[in-house]
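Each chain gets a letter, A, B and so on, in the order its sequence line appears, and its residues count up from 1.
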2 protein chains.
Amino acid sequence: MANIQQVAKLAGVSVATVSRVLNGQRTVSAKTRFKVEQAIEKLNYEPSMLGRNLRNSESRMLLILIPAITNPFYSEVIKGIEHIAISSNYNILLCETDSSPERENIYFDLVRTKMADGIISMDPAVNTETLKVLAKKHAIIQCSEYTPDSGIPYVTIDNERASYQAVKHLIQLGHKEVAIINSDEKYLYARQRMMGYKRAIMEHGLELNESYIIHTQQLGFEQGQQAMRKLLSLKERPTAVFTVSDLLAIGALKEINSQGLLVPNDIAVAGFDKIDFSNMTNPTLTTVAQPMYKMGTIAAEMLIAKIKGQEVENVILDHELVIRQSTLG
Amino acid sequence: MANIQQVAKLAGVSVATVSRVLNGQRTVSAKTRFKVEQAIEKLNYEPSMLGRNLRNSESRMLLILIPAITNPFYSEVIKGIEHIAISSNYNILLCETDSSPERENIYFDLVRTKMADGIISMDPAVNTETLKVLAKKHAIIQCSEYTPDSGIPYVTIDNERASYQAVKHLIQLGHKEVAIINSDEKYLYARQRMMGYKRAIMEHGLELNESYIIHTQQLGFEQGQQAMRKLLSLKERPTAVFTVSDLLAIGALKEINSQGLLVPNDIAVAGFDKIDFSNMTNPTLTTVAQPMYKMGTIAAEMLIAKIKGQEVENVILDHELVIRQSTLG
DNA sequence: GTGAAAGCGCTAACAT
DNA sequence: ATGTTAGCGCTTTCAC
């Protein structure tokens, strides 16, 4: 593997000049540039990023922290991040925490040890204390889940209102027994969506029934099934269910189906995220659309700005209630 | 940010000694080690991987090439890769090619420029010529899709046999009109699965009907729907459909449903991959289970061995036909 | 317009 | 057991 020295030698110039050509500086004469390019070609030279990165004291890597790669919600956001990253000459270090603090710490080390120039955290279970400390010395953005008043910039949606609108939709359809399948309320988004749920219930003069509130530890199909099983075993079954994730909703749908009940006739279901799957279920799923791709691009832009030392503002993106068969029939 | 010099100075030792402590060498006396650790603590020192990597001439990054991050098949494989990578102190550079040659080339540059120590390619659309050239100087493994006789080690399953078994299952159920929704046969796996399909048809004395063979450009829900629409518009509808991906199968299921037909009574459907969602459809999907996680761990182990300069053998993993409602009712 | 040289932070060979 | 030093491959300041 050739290095810059050998190129310089072959071209009969100094390494400085080779470097200038490499970096597209205009202070090199056309003749010299040509000689250098010839030498590069001949030696099949590729500049080593290891040397460049050390010299520039940067890695040009963006660390993305997600709880689980299997949730399509994150896949879409990542697509957005990737788009911006590529066009800004950054690369993505995708890190799945499985909500494990040890794993998380391994990944935090990547930025501590300069292997990553910044972090986009999408993990609701992230250790906010560590994150805050880290944010003092490193560029960090939170995406979707965030920490208010932490000084860490974030991009997200208005979870309370999104949840409110979904539940209101169910209520306006005539449902009086509306359940919610939420995730653990140690997460901010879960608390916000719960608030939206409660506000909708209250504002419409309905009764808040504690047995209609189910919490799950994770956002998966199985958790949705289990939660729905609980709800279906109730003496007074709900007639509608709002879940904070499409994955939960799809699991719930499945469980309702297995018990021989019909959606939406027996029970209406609404989810959250508008993942691709949500349009493939039978019936198709009413859900709150999050602008996932856009969220990704914005998070990436914010992070890159932050890495450059610029100030960045928090961003709240618009959501949209997408009404489909699982509530309308 | 402290560097190794400052630590050495504060501890009253040389940088070599600090380096030894950092790398856990036992040739350092307990007393000295303690002093160094104190200094590290005090300065909040974190060794820079930029320096270390340049010196060691490695990046400890593994580049993973996938066509689309949104296909859950890849997510599972990645989970496996990640598991091994972490425990071997490597990190993952996840790269989505979107089957675009330009993007692919950007990613190849990462290994050319030493930003990645090796590649696991899972992209069927990968440029095999470039890959072969690259493989001469770099560690490369192919996972799932591979290039026979290229000298590039791979881990995969027996696609022909898997496909054969799935189609045979349909035939043994009494179906005589069995269609296949395949992807473009420029991909090896597509050709292999087609061969399995044809062998099953032939061996059972059925007629090969060209109009029952549909090709799609991508593996997505929409492509499955479109393909199924074509099949349903046929004068002589097939009574069973085998698709080379669960995503296609789910799209097909959807289309059959929308046209008011029933699975499996009117048409039986079998997919491929056993992604999580395949158990959430209504009816649940008969599918060929690929050991995705294991495939990931093995690919990662092979790559790391290869990086170390060891020879590695190709691996063919077992698959399994999982029979569920979409064929059995 | 080009070159010489310093130095980014680390490891390892060699010396003691 | 510990220190000295060269050098990994690059960029950039400062001369000329």
Practice prompt. Report the distance from atom CD of Glu96(B) to atom CD1 of Ile86(A), rounding to the nearest 0.5 Å.
Written response: 8.5 Å
Practice prompt. Keeping the roles fixed (side chain from Ser59(B), backbone from Met115(B)), state whether a donor-acceptor pair exists under 3.5 Å.
Written response: yes
Worksheet item: Is the distance from OP1 or OP2 of dC8(C) to the nearest side-chain N or O of Ser48(B) less than 4.0 Å?
Response: no
Worksheet item: Is the number of heavy atoms from other residues, nucleotides or ligands within 6.0 Å of CD (Gln310(A)) greater than 12?
Response: yes
Fill in: Ile4(A) CD1 - dC8(D) C1' separation (whole Å)
13 Å
Worksheet item: Are the charged groups of Glu82(A) and Lys79(A) less than 4.0 angstrom apart, N to O?
Response: no
Worksheet item: Of the nucleotides dT2(D), dC10(D), dA12(C), which one has an atom closest to the side chain of Arg52(A)?
Response: dC10(D)
Discussion item. If I take atom CG in residue Asn53(B) and atom C1' in nucleotide dC10(C), what distance separates them, rounded to the nearest angstrom?
Written reply: 10 Å
Discussion item. List the residues meeting ring pair (Phe, Tyr, Trp, His ring centres under 6.0 Å) with Phe108(A), not counting sequence neighbours, and say none if there are none.
Written reply: none
Worksheet item: Heavy-atom contacts under 4.0 Å between residues 7-24 of chain B and DNA chain D, which residues?
Response: Gly12(B), Val13(B), Ser14(B), Val15(B), Ala16(B), Thr17(B), Arg20(B)
Worksheet item: With a non-hydrogen cut-off below 4.0 angstrom, is Leu54(B) in contact with a base, only sugar-phosphate, or nothing?
Response: base
Worksheet item: Nearest-Å distance, CZ (Arg60(A)) to P (dC10(D))?
Response: 17 Å
Worksheet item: How close or far is atom P of dG9(D) from atom CD of Gln6(A), stated in whole angstroms?
Response: 8 Å
Worksheet item: Just how far, in rounded Å, is C1' of dA12(C) from CD of Gln25(B)?
Response: 9 Å
Fill in: For Tyr146(B), all residues meeting ring pair (Phe, Tyr, Trp, His ring centres under 6.0 Å), sequence neighbours excluded
Tyr154(B)
Item to complete: Would you mind classifying the nucleic acid contact of Asn56(B) as base, sugar-phosphate or nothing, using non-hydrogen atoms under 4.0 angstrom?
Response: sugar-phosphate
Worksheet entry | Under 3.5 Å: donor-acceptor pair, side chain of Asp117(A), backbone of Arg60(A) | yes
Worksheet entry | Spacing between Arg55(A) atom CZ and dA6(C) atom P, to the nearest angstrom | 13 Å
Worksheet entry | Atom pair distance, as rounded to whole Å: CD in Glu58(B) and P in dG9(D) | 14 Å
Practice prompt. Whole angstrom is fine here: how far is it from CD1 in Ile40(B) over to P in dG9(C)?
Written response: 16 Å
Item to complete: Would you indicate which nucleotide in dG7(C), dC10(C), dT2(D) comes nearest to any side-chain atom of Thr27(B)?
Response: dT2(D)
